[in-house]
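See structure below.
Owing to the predicted nature of the structure, the values given are computational and were not obtained by experimental measurement. Lettering of chains follows the sequences in order, A, B, ..., and the numbering in each one begins at 1.
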2 protein chains.
Amino acid sequence: MSYSLSFSKALLVVIFVSDKIRQGQYEYLSTASIAKVLNIAKPTLVKILQGLNAEGIIETKEGKAGGVRLLKQPGEVTVLDVFNAIEKGKSLFNSSFDMRAQGQRPDRAQEILAELFQKTEQSMKTELATKNIGQILDEMSS
Amino acid sequence: MSYSLSFSKALLVVIFVSDKIRQGQYEYLSTASIAKVLNIAKPTLVKILQGLNAEGIIETKEGKAGGVRLLKQPGEVTVLDVFNAIEKGKSLFNSSFDMRAQGQRPDRAQEILAELFQKTEQSMKTELATKNIGQILDEMSS
DNA sequence: CTTAAATATATAAACAAAATATAAAGAATA
DNA sequence: TATTCTTTATATTTTGTTTATATATTTAAG
């Protein structure tokens, strides 16, 4: 398949939280309210928030009046940052399989493919890095 | 996850068949022998071959002395062609999910993301189109 | 025209990953 | 100290990929 739905959901979460801030709401947003508004199952949302937290994009606060808050400026968070928060380490193409040791030629072929795959993945990431959340918010308003 | 292993396997199949041709073997290659050499399960290989066949990359012949043969020149088959033969229609990112009708803003956000995703997928494909099987064979020999 | 050697097709099973459901535990504030 | 909220853990459902197995169907050759 392709990348998980969670990535898209994570982007909407970040956009949603950033949007609230632009509208002057600086308090923590509860995960329950985010889950409800964006229609994301709570366990799924929690995983997403953990990823975003580990990546330094948001911070969460436990306990009463706790919730989620953006840690960076929307303009400082690229789509690639969100991608890395969710899909970190999952490569685009899956090229690792055994061929039952068939001499140098197939091995060499796999090497060449691995190189191409890596280059392709890099260009994908470069593309994702061209857009940040601030820009998306601007485009939403226009 | 990412794209399926079948894509990598399909590339190795095409490389393998092309390589045989370069070595002067113009007869049909049996699927059984390909499955054995490349260590691919037969049903999996059959699906791959069907995809390659539908894309016009190879032709298969039933019956005795049948098998698989390349339909184009190695230099005329790009990695993207093989990709399309296997992963046709599967988009890179998965952005279609319901948000329980939350007004125009999230909808607009989804639109903007869909646009970015499409652009990113296009740049991935452009990258895959830069390399063809003939080039890979050349690199293998050097 | 029969047989052998191949691919094609269909069904099911095994496996892996993603998404969700549910319940319990832990932290912070009033 | 009780309430409200996040965190963690476990299990289930769903979905997709890969493989196993068996049966047809095609084709060339004797």
Gln118(A): partners by side-chain contact (heavy atoms from CB on, under 4.5 Å), with sequence neighbours left out: none

Sequence-distant partners of Glu121(B), salt bridge (charged side-chain N to carboxylate O under 4.0 Å, His left out), two or more places apart: Lys125(B)

Quick one: ring-ring contact (aromatic ring centres under 6.0 Å, His included) pairs with a partner in residues 38-74 of chain B, sequence neighbours left out? none

Would you kindly give the CG-to-C1' distance between Asn53(B) and dT9(C), to the nearest whole Å? 15 Å

Rounded distance (Å) that lies between atom P of dT18(D) and atom CG of Leu38(B): 15 Å

If Ile, Leu, Val, Met, Phe, Trp and Tyr residues are connected whenever their side-chain heavy atoms lie under 4.5 Å apart, and connections chain through other members, are Val14(A) and Leu71(A) in the same group? no

Please tabulate, for side-chain N and O atoms in residues 130-140 of chain B, each donor-acceptor pair with protein atoms closer than 3.5 Å (sequence neighbours left out).
| residue | atom | partner | partner atom | Å |
| --- | --- | --- | --- | --- |
| Thr130(B) | OG1 | Glu127(B) | O | 2.6 |
| Lys131(B) | NZ | Glu139(B) | OE2 | 3.1 |
| Asn132(B) | OD1 | Gly134(B) | N | 2.9 |
| Asn132(B) | OD1 | Gln135(B) | N | 2.8 |
| Asn132(B) | ND2 | Gly75(B) | O | 3.3 |
| Gln135(B) | OE1 | Asn132(B) | N | 3.0 |
| Asp138(B) | OD1 | Arg22(B) | NH1 | 2.9 |

Specify the separation, in whole Å, of atom CG of Leu5(A) and atom P of dG16(D). 11 Å

Kindly give the atom pairs (protein nitrogen or oxygen, nucleotide nitrogen or oxygen) under 3.5 Å for nucleotides 25-30 of chain C.
| residue | atom | partner | partner atom | Å |
| --- | --- | --- | --- | --- |
| dA27(C) | O4' | Glu62(A) | OE1 | 3.2 |
| dT29(C) | OP1 | Lys61(A) | NZ | 3.3 |

To the nearest angstrom, the CD-P distance between Glu59(B) and dA6(C) comes to 17 Å

Output every pair passing ring-ring contact (aromatic ring centres under 6.0 Å, His included) with a member in residues 40-95 of chain B, not counting sequence neighbours, ordered by first then second residue. Tyr3(A)-Phe93(B), Phe7(A)-Phe93(B), Tyr3(B)-Phe83(B), Phe7(B)-Phe83(B), Phe93(B)-Phe117(B)

Does OP1 or OP2 of dA18(C) have a side-chain N or O of Ser6(A) closer than 4.0 Å? no

Of the nucleotides dT6(D), dA8(C), dA20(D), which has the atom closest to the Thr60(A) side chain? dT6(D)

Exercise: do Ser95(B) and Gln110(B) side chains pair donor with acceptor under 3.5 Å: no

To the nearest angstrom, how far is Tyr28(B) atom OH from dA5(C) atom P? 20 Å

Residue set satisfying salt bridge (charged side-chain N to carboxylate O under 4.0 Å, His left out) with Asp81(B), at least two apart, ordered chain then number -> none

In whole angstroms, the gap separating C1' of dA17(C) from OH of Tyr3(A) amounts to 15 Å

Using atom CD1 of Ile40(B) as one end and atom C1' of dA20(D) as the other, report the distance to the nearest whole Å. 16 Å

In this structure, how many angstroms lie between the C1' atom of dC5(D) and the CD1 atom of Ile34(A), rounded? 13 Å

Considering only heavy atoms, which members of residues 42-51 of chain B lie under 4.0 Å from some atom of DNA chain C? Lys42(B), Val46(B), Gln50(B)

For residues 41-58 of chain A, dump all side-chain donor-acceptor pairs below 3.5 Å to protein atoms at least two apart in sequence or in another chain.
| residue | atom | partner | partner atom | Å |
| --- | --- | --- | --- | --- |
| Glu55(A) | OE1 | Lys88(A) | NZ | 3.2 |

Please tell me which of the listed nucleotides, dT7(C), dT6(D), dA18(C), lies nearest to the side chain of Ser4(A)? dA18(C)

